[in-house]
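Everything below concerns the one structure shown next.
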Amino acid sequence: EALQKILLLLSDTFPMVRRSAILALHALSAPGDPQADMVSSFLTMARTTRLDFDERRLAVEALAVALPGDEAVIAELCFCLEDSDVSVRQAATASLSKIGQGSE
């Protein structure tokens, strides 16, 4: 299946390949109807310091789309508020804001 092949690319040694895989997964995710493997991958990637800030930022943005309002996603986004990179923190803030607006 295509999804499984894309998930494998998240472990590629080249950052551009990993970024492309994140973007592909993001495009495949439907709000509120996520694939468990996809969300699990995004959760792991958002927290993985071996990835560059751009990959972590993309994973953070994808998390909020994949499963808005999920407690594990919200907890991960809160964790990302402490990321060493400002763009990751900004993405986490924006994602939490969107989730908050959606619950009103």
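Side chains are part of it too, since the values below use all heavy atoms of this structure and drop only hydrogens, waters and symmetry mates. Remember, it's a predicted structure, so these values are computed and weren't measured experimentally.
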* Heavy-atom check, side chain of S95 versus side chain of V60, under 4.5 Å -> yes
* Asked: Is it true that V17 and L58 fall in one hydrophobic cluster, defined by side-chain heavy atoms closer than 4.5 Å?
  -> no
* Structure fact -> Between the CG atom in D54 and the CZ atom in R56, the distance rounded to the nearest 0.5 Å is 10.0 Å
Return a table of donor-acceptor pairs under 3.5 angstrom between the side chains of residues 85-93 and protein atoms on other chains or two or more places apart.
{"from": "D85", "atom 1": "OD2", "to": "S87", "atom 2": "N", "distance (Å)": "2.8"}
{"from": "D85", "atom 1": "OD2", "to": "S87", "atom 2": "OG", "distance (Å)": "2.3"}
{"from": "D85", "atom 1": "OD2", "to": "V88", "atom 2": "N", "distance (Å)": "3.4"}
{"from": "R89", "atom 1": "NH1", "to": "D83", "atom 2": "O", "distance (Å)": "2.7"}
{"from": "R89", "atom 1": "NH1", "to": "S84", "atom 2": "O", "distance (Å)": "3.4"}
{"from": "T93", "atom 1": "OG1", "to": "R89", "atom 2": "O", "distance (Å)": "2.9"}

* To do: Could you name each residue pair satisfying side-chain hydrogen bond (donor to acceptor under 3.5 Å, both in side chains) that touches residues 8-18, not counting sequence neighbours?
  => R18-E55
* Measuring from L9:CG to Q4:CD, what's the distance to the nearest 0.5 Å? -> 11.5 Å
* Honestly curious: do V73 and L81 fall in one hydrophobic cluster under the side-chain, below-4.5 Å linking rule? -> yes
